> 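Let me give you the structure first, and then I'll get to my questions.
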Amino acid sequence: KAGVTQTPRYLIKTRGQQVTLSCSPISGHRSVSWYQQTPGQGLQFLFEYFSETQRNKGNFPGRFSGRQFSNSRSEMNVSTLELGDSALYLCASSPSRPSGEYNEQFFGPGTRLTVL
Amino acid sequence: AQSVTQLDSQVPVFEEAPVELRCNYSSSVSVYLFWYVQYPNQGLQLLLKYLSGSTLVKGINGFEAEFNKSQTSFHLRKPSVHISDTAEYFCAVRRGDSSYKLIFGSGTRLLVRP
């Protein structure tokens with residue numbers, strides 16, 4: 001099976017712009033989570049989606065939003081970019097609901113966003 | 001709320017020496033525990049996980065970890081490291097079965113020297 005894919009891998013934007021990042025989960029996986037990784041704050045949870053519904057949301061401003069499509073692909077959007085949004089954005093997919101044997105998340109390579 | 005502490009930001013070690021990366025967690029409820037590894041310019045790869053049962057968990061690449069409930073620790077060990085083990089290691093906790101949300105520690109950079 002192909003792994004989690006994220007596009008684009010690298011992105012450069014300027015302050016005030018908006019950006020959309022895409023994540024394609026492993027085939028058959030229905031849960032997608034997003035994380036932000038920065039040198040200062042480390043790895044922080046952004047959102048979690050299951051069957052097109054947001055199940056959980058991290059402590060980020062409303063400029064950060066996401067969605068999941070019927071084919072389980074997910075996008076996250078950041079509006080009005082700030083310098084502090086420069087980070088590696090990681091997507092992770094999981095087979096089903098987080099119970100029993102379905103306890104593992106598979107991470108993609110990430111999208112490196114640089115805000116100038 | 002849950003939290004994870006990785007006390008060592010960097011651990012230098014010589015090749016073929018043993019290593020232990022420390023992880024302590026705090027939670028008022030039962031949690032699942034994970035160790036992930038991140039190589040440069042890559043995502044996270046699961047090394048091992050503790051869900052229940054035996055407190056000694058074996059993972060990939062010769063790593064193992066021991067869950068200690070009384071000390072709220074989940075230290076990662078490897079008896080003999082290789083140069084290729086140089087990477088960033090993250091300990092993480094997840095609360096129960098209601099969400100996949102992971103709370104990560106700040107990471108420990110393992111630097112293996114020849």
Side-chain angles (χ1 to χ4, degrees), chain A residues 3-6 9-10 21 23-26 29-51 53-60 68 74 87-112, chain B residues 1-10 21 23-25 27 29-53 57-60 65 67 74 87-109:
Chain A
V4 179
T5 57
Q6 293 188 244
R9 289 292 312 277
Y10 301 91
L21 312 181
C23 171
S24 293
I26 293 171
H29 285 195
R30 296 168 62 192
S31 177
V32 172
S33 300
W34 287 89
Y35 294 83
Q36 182 196 63
Q37 185 177 23
T38 61
Q41 299 299 316
L43 281 154
Q44 296 186 88
F45 171 80
L46 278 158
F47 350 84
E48 175 187 350
Y49 289 89
F50 180 80
S51 293
T53 301
Q54 187 179 88
R55 290 168 46 88
N56 213 336
K57 188 177 189 305
N59 189 24
F60 278 82
Q68 186 180 33
S74 178
L88 180 67
Y89 290 87
L90 293 165
C91 167
S93 79
S94 311
S96 183
R97 296 183 183 276
S99 62
E101 63 187 284
Y102 301 115
N103 274 293
E104 182 173 345
Q105 295 181 76
F106 298 84
F107 283 81
T111 293
R112 172 77 62 185
Chain B
Q2 296 81 47
S3 66
V4 180
T5 302
Q6 293 182 248
L7 290 170
D8 305 306
S9 59
Q10 182 165 299
L21 305 184
C23 172
N24 287 88
Y25 69 95
S27 177
V29 298
S30 295
V31 294
Y32 299 137
L33 296 154
F34 304 82
W35 274 100
Y36 285 87
V37 60
Q38 185 177 37
Y39 299 101
N41 298 317
Q42 294 187 27
L44 301 173
Q45 180 183 10
L46 181 68
L47 279 176
L48 46 79
K49 59 187 175 185
Y50 174 77
L51 307 179
S52 63
V57 181
K58 293 190 183 296
I60 62 171
F67 170 62
F74 191 53
E88 190 90 20
Y89 292 79
F90 293 94
C91 181
V93 301
R94 206 189 86 204
R95 175 181 174 173
D97 291 336
S98 62
S99 169
Y100 276 113
K101 174 183 176 180
L102 290 167
I103 305 297
F104 285 92
S106 55
T108 297
R109 175 155 180 76

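Note that these values count all heavy atoms, side chains included, but never hydrogens, waters or copies made by symmetry. Computed from a predicted structure; not experimentally measured. Throughout, protein chains are lettered first and strands after them, A, B, ... in sequence-line order, and every chain is numbered starting at 1.
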> Checking side chain to side chain contact (heavy atoms under 4.5 Å, CB included) against A/Y35, which of A/F47, A/F45, A/Y89 comes through?
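Looking at A/F47, A/F45, A/Y89, the match for A/Y35 under the side chain to side chain contact (heavy atoms under 4.5 Å, CB included) is A/F45.
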> Side chain, backbone, both or neither: which part of A/L43 has an atom under 4.5 Å from a heavy atom of chain B?
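Both backbone and side chain of A/L43 come within 4.5 Å of chain B.
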> Using heavy-atom distances under 4.5 Å, tell me whether A/Q6 contacts chain B through its side chain, its backbone, both, or neither.
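It is neither, since no heavy atom gets under 4.5 Å.
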> Any donor-acceptor pair under 3.5 Å linking the side chain of A/Q105 with the backbone of B/Y100?
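Side chain of A/Q105 to backbone of B/Y100, a donor-acceptor pair under 3.5 Å: yes, one is there.
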> Chain A heavy atoms under 4.5 Å from B/L44: which part of the residue, side chain, backbone, both or neither?
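Backbone plus side chain of B/L44, per the 4.5 Å heavy-atom cut-off to chain A.
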> Report yes if the side chains of A/W34 and A/L21 come closer than 4.5 Å at any heavy-atom pair, otherwise no.
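Of all side-chain heavy-atom pairs linking A/L21 with A/W34, at least one is under 4.5 Å.
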> If I measure from the heavy atoms of chain B, does A/L88 come under 4.5 Å with its side chain, its backbone, both, or neither?
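The answer is the side chain of A/L88.
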> Within the distance-only criterion (no hydrogens, no angle test), does the side chain of A/R30 pair as donor or acceptor with the backbone N or O of A/S94 below 3.5 angstrom?
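Here the side-chain-to-backbone pair does not exist.
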> Ignoring hydrogens and angles, tell me if any N or O in the side chain of A/Q68 forms a donor-acceptor pair with the backbone of A/Q54 under 3.5 Å.
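No; zero donor-acceptor contacts below 3.5 Å.
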> Side chain from CB out, backbone as N, CA, C, O: work out which of these in B/Q45 comes under 4.5 Å of a heavy atom of chain A, or both, or neither.
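Contact with chain A involves no heavy atom of B/Q45 at all.
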